[in-house]
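Please read the structure below before turning to the comments.
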Amino acid sequence: MTASPIRPFGLLAGLALAACSKPATPTPPVEIAPKAGAVNPSVVVTTYDCAGGAQLVAAYPDASTAIVTWKGHAYTLKIARSASGARYTGYGLQWWSKGLRQGAISTLRAGEDVASDPGVACEAPDFNPASPPAPGAPGGLPDDRTPISEAPFAPTSAQGAANVVQTYYALVESGRVEEAARLTVSGELFDVKPYDTYHAEIGAPGAIEGAAGSLYVEVPVVIYGRLATGKEFH
């Protein structure tokens, strides 16, 4: 089974069937909390503007970890229980994010599990959700009103191919680029660094065609989101 190379923009087609506490201003040693800039460069990061003019950068290399760069140091914080949002603690700090665009950085005092300090509010600036072009519009998916069968589909069906494509982009969007690469022939990792947000809208697959002992189907895809610069793309 083969798949055509994955391109970062535009309409893609031809993918084949394939399926502790610290002082108020902590200064941990470099080997534990490295200087800013040591965040894993393969992880998409979000920069927040915080009250008082400071900036905070957060990256999430896995489901239980946040690497928070604050006041010149990068701190590796671990997930903690929370009633809402996602709360991470470590090195006398608490980073409590509310969705992808808001959060608060607080100091954990001695003996505290949840910070009593209200902390510094942070928000990612100038965020406007990106939207794909409407079906039938330039750059959008075909305006195909044909109902899609809800019957179970086999991996070798056209809908099975579309499911592979949808899985690929879901993995890319969640940052799991290694898993996504395993669905491609080249095995090349998708470079997420240029993007702030990255989404895909999958269209109805075309008819299956055969050539040289293989089966092929075109699956239309519209890519959209925002670059790290804030510019919308699709």
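Numbering starts at 1 and runs along the sequence shown.
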### Task
Quick one: pull up CD1 in I67 and OG1 in T76 and give me the separation to the nearest 0.5 Å.
5.0 Å
### Task
May I ask you to say whether D113 pairs ionically with R87, meaning some side-chain N is under 4.0 Å from a carboxylate O?
yes
### Message
Strictly distance-based, threshold 3.5 Å: is any side-chain N or O of E112 a donor or acceptor partner for the main-chain N or O of S116?
### Response
yes
### Query
Side chains of Y168 and T184: closer than 4.5 Å at any heavy-atom pair?
yes
### Query
Between E179 and R176, is there a donor-acceptor pair closer than 3.5 Å when you use the side chain of the first and the backbone of the second?
no
### Task
Please answer: with hydrophobic residues joined when any side-chain heavy atoms are less than 4.5 Å apart, are I223 and L183 in the same cluster?
yes
### Message
Please find the pair of heavy atoms, one from V219 and one from P205, that lie closest to each other, and give the distance.
### Response
CG2-CB, 4.2 Å
### Query
Hey, mind stepping through V57 and V68 against side-chain contact (heavy atoms from CB on, under 4.5 Å) and telling me if it holds?
CA-CA 6 Å; V57 179; V68 174; over 6 Å; no
### Task
Verify whether the ring centers belonging to F233 and Y195 lie closer than 6.0 Å.
yes
### Message
Would you say that more than 12 heavy atoms from the other residues, nucleotides or ligands in this model lie under 6.0 Å from the CD of E188, or not?
### Response
no
### Query
Does the pair V221 and Y169 meet the rule for a side-chain contact (heavy atoms from CB on, under 4.5 Å), with working shown?
CA-CA 10 Å; V221 181; Y169 285 106; 3.7 Å; yes
### Message
Donor-acceptor pair, distance only, cut-off 3.5 Å: does the side chain of T167 make one with the backbone of N163?
### Response
yes
### Query
What residues, two or more places apart in sequence or in another chain, satisfy side-chain hydrogen bond (donor to acceptor under 3.5 Å, both in side chains) together with W95?
Y60
### Query
So, does Q94 use its side chain to make a donor-acceptor pair with the main chain of A115 at under 3.5 Å?
yes
### Whether T197 side chain and G225 backbone form a donor-acceptor pair below 3.5 Å
no
### Message
I'd like to check H199 versus E173 (side-chain heavy atoms, cut-off strictly below 4.5 Å). Are they in contact?
### Response
yes
### Message
Do V172 and L189 land in one hydrophobic cluster if side-chain heavy atoms of ILVMFWY residues count as linked below 4.5 Å?
### Response
yes
### Query
Going from OG on S97 to CG on L56, what distance comes out if it is rounded to the nearest 0.5 angstrom?
10.5 Å
### Query
How far does OH of Y48 sit from CD of Q55, to the nearest 0.5 angstrom?
12.5 Å
### Query
Does any donor atom in the side chain of T65 or K78 lie under 3.5 Å from an acceptor atom in the other side chain?
yes
### Query
How far apart are the closest heavy atoms of A161 and V217, and which atoms are they?
CB-CG1, 3.2 Å
### Query
Side chains of E201 and L141: does their closest heavy-atom pair fall under 4.5 Å?
yes
### Message
I need the minimum non-hydrogen distance between G206 and A158, along with the two atoms involved.
### Response
O-CB, 3.6 Å
### Query
Does a side-chain heavy-atom distance below 4.5 Å link D49 with C122?
no
## Note on the structure
Heavy atoms of P132 and V222 approach each other most closely as CB-CG1, 4.2 Å
## Note on the structure
To the nearest 0.5 Å, atom OH of Y88 lies from atom OG of S64 at 8.0 Å
#### Entry: Test item: V177 and L171 side chains (from C-beta on) under 4.5 Å apart, heavy atoms
no
### Query
Would you call the rings of H73 and Y75 parallel, tilted or perpendicular if under 30° counts as parallel and over 60° as perpendicular?
tilted
### Distance-minimising heavy-atom pair for P133 and P138
CB-O, 3.7 Å
### Query
Is it true that Y224 and V165 fall in one hydrophobic cluster, defined by side-chain heavy atoms closer than 4.5 Å?
no
### From CG (L77) to CD1 (I105), nearest 0.5 Å
6.5 Å
### Task
Apply side-chain contact (heavy atoms from CB on, under 4.5 Å) to S106 and L93, showing your working.
CA-CA 6 Å; S106 307; L93 293 176; over 6 Å; no
### Query
Should L108 and T89 count as side-chain neighbours, where that means a heavy-atom distance under 4.5 Å?
yes
### Task
Verify, without hydrogens or angle tests, whether D143 (side chain) and P135 (backbone) share a donor-acceptor contact under 3.5 angstrom.
no
